> 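I have a structure I would like to understand better, so I am pasting it below and will then ask my questions one at a time.
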Number of protein chains: 2
Amino acid sequence: MDVRTICLGILTRGEATGYEIKKLFDEDGYHHFVEASFGSIYPALSQLTQDGLVEVRAEAQEKRPDRKVYSITQAGRSQFLASLLKPLPEDRHRSAFVFAMLFSHLLPPVRVHDAFETYVRQNEEKLAQLDKAHSQTPGEQFAIDLGKTIYTAVLDFLREHRADLETAQCPAAE
Amino acid sequence: MDVRTICLGILTRGEATGYEIKKLFDEDGYHHFVEASFGSIYPALSQLTQDGLVEVRAEAQEKRPDRKVYSITQAGRSQFLASLLKPLPEDRHRSAFVFAMLFSHLLPPVRVHDAFETYVRQNEEKLAQLDKAHSQTPGEQFAIDLGKTIYTAVLDFLREHRADLETAQCPAAE
DNA sequence: GTTTGCATGTAAACGGTTACATGATTGG
DNA sequence: CCAATCATGTAACCGTTTACATGCAAAC
């Protein structure tokens, strides 16, 4: 899912500025499964406009850059739906933490401990974020609940198994 | 975690060719959390060699390109450990499926059904792959078990909640 | 006889991140 | 007074994917 498609999707919910689209990512629980930065959103919106898939309306503001409010066109809707009908790319889950833990036996015990602390905290924060999220469609509820399920499962697993790595690699410390 | 670091990590387990490193990704359960293709592995190994972090030994073969067997150097080990001591980037989970389901209400019921079928199958296959995997270190066991935990939780969730999206969006079909 | 496995590598294209540039307003 | 929020955008850089190029051997 490239940033253009993601922007189109968000615009099916209603018009928005580039800034607001980014905020949706940071707040609404979208970012658990898709990502985009300003550096990719703004160029994406320009291109979508050129391609006639979205329209812009500039709202003048005092002492601020104009708000550029984007709305999806009929062509945009068609193309977005078409992209959802194509085979979807597979999930990708990348975890530097898990990779690092593959080598826990090479690391100082303190480092393994710290890595777990940080990772647990990150997962707890993401779970808390989802607990606060509220949905407008069945799909959003589904995404939120799936996210919660995953984070909860991961956290449970970490609590049960972190000792395996934190003790296994430093028998001398016992 | 860039490909260079990943290659270094794999080489801490013993020497290997680029081809074998790729196979580890495809088979050993590594690919659930990190990824790399030939197009990135071969250049990565060349660069690591130039930087003195790995060494190559060419094994001549009849009627085949020479096997280039790479092994990690002391400098490579140091740098690899150093990279694991730095703060680790956060996990990224990207899912085109979940993104598409955010818009299930815009899709034909058949499409939603098919998407679920495909996604369930993908997760089942990955789980089966992990069931076959065997570990050599505590870290590997940890990674395998965490992967299993996640896939199992996702599959359970899908079985319980797919009806929410498959029926909610086609009340006329009742 | 076709596919799979072994085995290496290059080059172009792609997509995205990061950092930079600008600047007023509001809240702590 | 400083940080955060609002608001847009560009450009350089980075890393990776994809497609291409080559070619024999073994298995089905």
Side-chain angles (χ1 to χ4, degrees), chain A residues 1-8 10 15-28 30-31 33-51 54 56-70 83 87 89-94 96 99, chain B residues 1-8 10 15-28 30-31 33-51 54 56-70 83 87 89-94 96 99:
Chain A
M1 289 291 122
D2 55 40
V3 176
R4 282 195 304 286
T5 307
I6 295 169
C7 288
L8 280 182
I10 287 173
E15 50 178 40
T17 66
Y19 190 83
E20 287 164 353
I21 289 174
K22 180 67 166 73
K23 264 198 2 191
L24 273 178
F25 275 99
D26 294 339
E27 291 162 15
D28 252 41
Y30 273 73
H31 68 113
F33 299 105
V34 284
E35 276 179 327
S37 62
F38 281 129
S40 57
I41 289 171
Y42 285 120
L45 289 171
S46 301
Q47 213 190 308
L48 288 170
T49 309
Q50 281 192 332
D51 295 348
V54 303
V56 209
R57 167 168 52 81
E59 280 182 8
Q61 296 194 127
E62 285 163 26
K63 320 246 187 181
R64 289 247 176 101
D66 289 1
R67 276 165 57 88
K68 290 197 177 175
V69 185
Y70 292 89
S83 73
E90 285 196 35
D91 280 21
R92 299 179 159 193
H93 187 104
R94 296 197 189 179
F99 176 73
Chain B
M1 287 292 120
D2 57 39
V3 176
R4 280 193 307 287
T5 307
I6 296 169
C7 288
L8 280 182
I10 288 172
E15 51 179 37
T17 67
Y19 191 82
E20 287 164 352
I21 289 174
K22 179 69 166 73
K23 265 196 4 191
L24 272 180
F25 276 99
D26 294 339
E27 291 162 14
D28 251 41
Y30 273 74
H31 69 113
F33 299 105
V34 285
E35 275 179 327
S37 62
F38 281 130
S40 57
I41 289 171
Y42 285 121
L45 289 171
S46 301
Q47 213 190 309
L48 288 170
T49 309
Q50 281 192 333
D51 296 350
V54 303
V56 209
R57 166 170 52 83
E59 280 182 8
Q61 295 194 125
E62 284 164 26
K63 320 248 187 179
R64 290 242 178 107
D66 289 0
R67 278 165 55 89
K68 290 195 176 177
V69 184
Y70 292 89
S83 74
E90 284 196 34
D91 281 21
R92 299 179 156 190
H93 187 105
R94 294 197 189 177
F99 176 73

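Source: prediction; values computed, not measured. In what follows, every chain begins at residue 1, and chains take the letters A, B, ... in the order their sequences are listed.
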> Within this structure, what is the NZ-to-P distance between A:Lys22 and C:dT18, rounded to whole angstrom?
10 Å
> Would you indicate whether the side-chain heavy atoms of B:Tyr70 and B:Ile21 approach each other to under 4.5 Å?
no
> Is there a side-chain contact between A:Glu35 and B:Arg94 in this structure, where contact means two heavy atoms from C-beta onward sitting under 4.5 Å apart?
yes
> Compare every heavy atom of A:Ala44 with every heavy atom of A:Arg4, then report the nearest pair and how far apart it is.
CG-CB, 3.8 Å
> Check whether any side-chain heavy atom of A:Asp26 lies under 4.5 Å from a side-chain heavy atom of A:His31, and answer yes or no.
no
> Kindly indicate whether the side chain of B:Val34, heavy atoms from C-beta on, has any atom under 4.5 Å from the side chain of B:Phe25.
yes
> How does each nucleotide of nucleotides 6-22 of chain D score, in 5' to 3' order, for protein heavy atoms under 4.0 Å: base (B), sugar-phosphate only (S), or none (-)?
BBBBB-----SBB----
